[in-house]
Amino acid sequence: MAALRFQALPGFRDFLPKDAAARNYLFETWRSVARRYGFVEYETPLLEDTALYLKKSGGELSSQLFRFEDQGGRDVTLRPEVTPSLARLAAQHQRDFPKPLKWFEIGQCFRYEKPQKGRGREFFQFNVDIVGEAGPAADAELIALAIDTMLAFGFQPGDFLVRVSDRQAWLDFATRRGLPDDKIPDFLQIVDKLERDKPEISTEKLGSLGLSLDEVRAFIANPANASTAYDAIRADLEARGMGDYLSLDLSIVRGLAYYTGIVFEVFDARKSMRAVAGGGRYDTLVSTLSDGACDLPTTGFAMGDYVIRNLIDETPHAAFQMESWLHRNAAACDIYLVLADESKRPEALQILADLRNAGISCDFPLGPAKINKQFQNAERSGARFALIVGSELPELKLKALSSRAEERCHVLNLADWLTDRLQQPDGPLLA
RNA sequence: GUGGCCGUAGUUCAAUGGUAGAGCCCCAGAUUGUGAUUCUGGUUGUUGCGGGUUCGAGUCCCGUCGGUCACCCCA
């Protein structure tokens with residue numbers, strides 16, 4: 001038996017009803033914040049031409065692709081991120097929309113990595129982008145959205161912060177030091193790892209580029225090196241009352257190769273300082289992917305379901321908020337029909353159909369069952385009421401399952417009466 | 001890709017190298033028109049897989065697959 005049993009592939013998840021409900025909580029929260037900010041939802045394919053990712057994503061990502069040849073001989077890849085798809089889409093359809101585009105997508109991505117805590121080979125990502133706006137106001141709008149997303153999950157000031165940096169500042173730095181263009185990716189990589197690598201290693205790496213660790217650290221430490229874009233973003237967010245979440249940190253560079261300007265990360269401020277979301281400006285990606293046919297400055301960020309879910313679980317007030325939501329949304333139905341008299345099943349089915357047609361969520365026993373079993377099932381379904389159909393038809397009884405209070409009702413106008421009843425809070429709960 | 005730990009019933013876990021067990025879950029009954037609790041009964045295993053050592057392996061050894069955690073990197 002064990003040898004024949006199938007299980008999910010490594011790094012892939014099954015979503016049992018409880019897990020699916022938790023995922024819906026994330027999705028609904030993401031959607032509601034995006035709508036509050038005037039973003040509209042779009043969707044792109046899970047499978048794309050491999051070249052789309054090899055062209056500009058760069059770095060580790062290209063070695064983590066779920067890549068294969070399809071039956072038509074095409075080199076295809078399950079998307080490791082959605083940004084290149086968006087850039088492709090934007091280049092193709094940009095004339096159909098007034099700029100800027102404020103678009104978001106919630107979708108699954110795939111990366112062939114070793115699964116561990118907070119990371120699988122498949123994950124869902126909330127992607128938010130503003131296409132066709134070069135000014136820092138677009139970056140500020142996205143950072144504000146990221147902050148409001150965290151607040152919508154129940155996180156509080158002090159739970160997280162947004163670390164902002166600007167690759168342009170580093171490009172200027174590199175130019176002033178006469179660093180050749182082809183060394184810049186390596187240089188950014190070194191800066192990115194400054195916090196993790198040992199100082200000796202950083203010193204050695206920088207030395208090979210003719211730079212010293214001290215001058216790089218000095219550059220990071222001096223707030224005056226922040227770009228004018230950063231200053232504008234700070235002013236923007238302060239006007240929104242969100243200035244306290246911001247923190248300038250020039251050591252942030254981000255791994256993806258296509259970023260060109262402002263980059264930022266939402267960080268867990270408590271324990272591990274994990275990045276729960278990240279993004280930045282990629283003004284040349286659309287142009288690159290369209291071979292120059294279309295040039296649209298773009299900025300965006302992504303938040304993954306694994307990391308945000310972990311952070312929620314570890315943060316009591318956020319976890320409590322999610323539990324409350326799950327509790328409110330867990331019920332399989334509002335009303336459970338109890339057949340006290342099996343011979344009334346045809347009449348019960350008529351009632352069931354009427355209620356469902358009226359938009360009331362209800363369930364019932366598919367076969368003969370003892371009364372106590374039916375009440376047990378009613379309880380487990382999470383229904384608020386049990387509607388008892390018995391020999392006294394057309395009279396019925398409605399029992400509130402939480403208070404155990406019963407009241408009589410009648411099949412005439414039952415759907416209307418129940419709809420009204422469901423609007424009211426549960427019966428005589430006092431006592 | 002590198003390393004640590006771990007694979008026993010649906011699940012959580014026991015079992016000094018000597019007859020594979022318990023809690024929970026699930027199902028049924030006690031209860032012929034009312035949910036909790038309680039009680040009773042019941043189903044489930046080639047101990048991940050393959051080899052080796054041994055009179056004897058869930059236990060020790062090797063391999064393999066899977067899980068998990070850390071590194072790398074990232075969501």
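Throughout, protein chains are lettered first and strands after them, A, B, ... in sequence-line order, and every chain is numbered starting at 1. Because the structure is a prediction, the values reported are computed rather than measured.
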Quiz item: Charged N to carboxylate O under 4.0 angstrom, A:Lys370 versus A:Glu342?
Solution: no

Quiz item: Touch check for A:Asp192, heavy atoms < 4.0 angstrom, all strands: base, sugar-phosphate only, or nothing?
Solution: sugar-phosphate

Exercise. Using a heavy-atom cut-off of under 4.0 Å over every strand shown, decide if A:Ile388 touches base, sugar-phosphate, or nothing.
Key: base

Quiz item: Do A:Arg119 and A:Tyr306 meet the cation-pi criteria used here (NZ or CZ under 6.0 Å from the six-membered ring centre, within 45° of the axis)?
Solution: no

Quiz item: With a 3.5 Å cut-off and just heavy-atom distances, do the side chain of A:Glu406 and the base of B:U34 make a donor-acceptor pair?
Solution: yes

Exercise. Using a heavy-atom cut-off of under 4.0 Å over every strand shown, decide if A:Gly107 touches base, sugar-phosphate, or nothing.
Key: nothing

Quiz item: Do A:Arg121 and A:Tyr112 meet the cation-pi criteria used here (NZ or CZ under 6.0 Å from the six-membered ring centre, within 45° of the axis)?
Solution: yes

Quiz item: For the residue pair A:Phe160 and A:Tyr245, does the interplanar ring angle fall in the parallel (under 30°), tilted (30 to 60°) or perpendicular (over 60°) class?
Solution: parallel

Self-check item: Annotated protein contacts, base or backbone, on nucleotides 25-30 of chain B with a non-hydrogen cut-off under 4.0 Å, one of B, S, - each
Solution: -SSSSS

Quiz item: Do A:Arg23 and A:Phe124 meet the cation-pi criteria used here (NZ or CZ under 6.0 Å from the six-membered ring centre, within 45° of the axis)?
Solution: yes

Quiz prompt | Whichever of A:Ala302 and A:Arg404 has its nearest RNA chain B nucleotide further upstream toward 5' | solution = A:Arg404

Quiz prompt | From CA spacing to verdict: salt bridge (charged side-chain N to carboxylate O under 4.0 Å, His left out), A:Lys397, A:Glu407 | solution = CA-CA 6 Å; A:Lys397 278 187 205 163; A:Glu407 56 191 308; over 6 Å; no

Practice problem: Please report, rounded to the nearest Å, how far the P atom of B:G33 is from the CZ atom of A:Arg408. | Solution: 17 Å

Quiz item: What nucleic acid atoms does A:Glu392 come within less than 4.0 Å of, heavy atoms only: base, sugar-phosphate, or nothing?
Solution: base

Quiz prompt | Donor-acceptor pair under 3.5 Å, A:Gln64 side chain vs B:G1 base | solution = no

Exercise. Return the 5'-most residue of the pair A:Ile371, A:Gly304 with respect to RNA chain B, ranking by each residue's nearest nucleotide.
Key: A:Ile371

Exercise. Rounded to whole angstrom, note down the C1' distance from B:U31 over to B:U40.
Key: 13 Å

Quiz item: Could you walk me through whether A:Glu141 and A:Lys102 pass the salt bridge (charged side-chain N to carboxylate O under 4.0 Å, His left out) check?
Solution: CA-CA 10 Å; A:Glu141 173 82 340; A:Lys102 294 175 72 176; 2.8 Å; yes

Quiz item: Can you find a heavy atom in the side chain of A:Leu206 that is under 4.5 Å from one in the side chain of A:Ser212?
Solution: no

Quiz prompt | Secondary-structure stems, RNA chain B, at least 3 Watson-Crick or G-U base pairs under 3.5 Å | solution = B:1-7 with B:65-71, B:10-13 with B:21-24, B:26-30 with B:38-42, B:48-52 with B:60-64

Quiz item: Do we count A:Phe123 as stacking onto B:A75 if the rule is ring centres under 5.5 Å and planes under 30°?
Solution: yes

Collect all protein-nucleotide pairs involving nucleotides 66-71 of chain B in which both atoms are nitrogen or oxygen and the distance is under 3.5 Å.
from, atom 1, to, atom 2, distance (Å)
B:C69, OP2, A:Lys117, N, 2.9
B:C71, N4, A:Gln116, NE2, 3.1

Practice problem: With the side chain of A:Ser391 defined as its heavy atoms from C-beta on, choose the nearest nucleotide among B:G33, B:A75, B:C74. | Solution: B:G33

Quiz item: So, A:Asp305 and A:Arg13, do they make that salt bridge, N to O below 4.0 Å?
Solution: yes

Exercise. Report yes or no: is the cationic atom of A:Arg111 (NZ for Lys, CZ for Arg) under 6.0 Å from the centre of the six-membered ring of A:Phe123, at an angle within 45° of the ring normal?
Key: no

Quiz item: Checking all strands, does A:Val276 fall into the base, sugar-phosphate, or nothing category for heavy-atom contacts under 4.0 angstrom?
Solution: sugar-phosphate

Practice problem: Could you tell me if the ring centre of A:Phe173 sits under 6.0 Å from that of A:Phe219? | Solution: yes

Quiz item: Can you check whether A:Arg79 has a side-chain N or O nearer than 4.0 Å to OP1 or OP2 of B:A75?
Solution: no

Quiz item: If we take the C1' atom in both B:C27 and B:G10, what is their distance in whole Å?
Solution: 13 Å

Quiz item: So does A:Glu113 reach the base of B:A75 with its side chain, donor to acceptor, closer than 3.5 Å?
Solution: yes

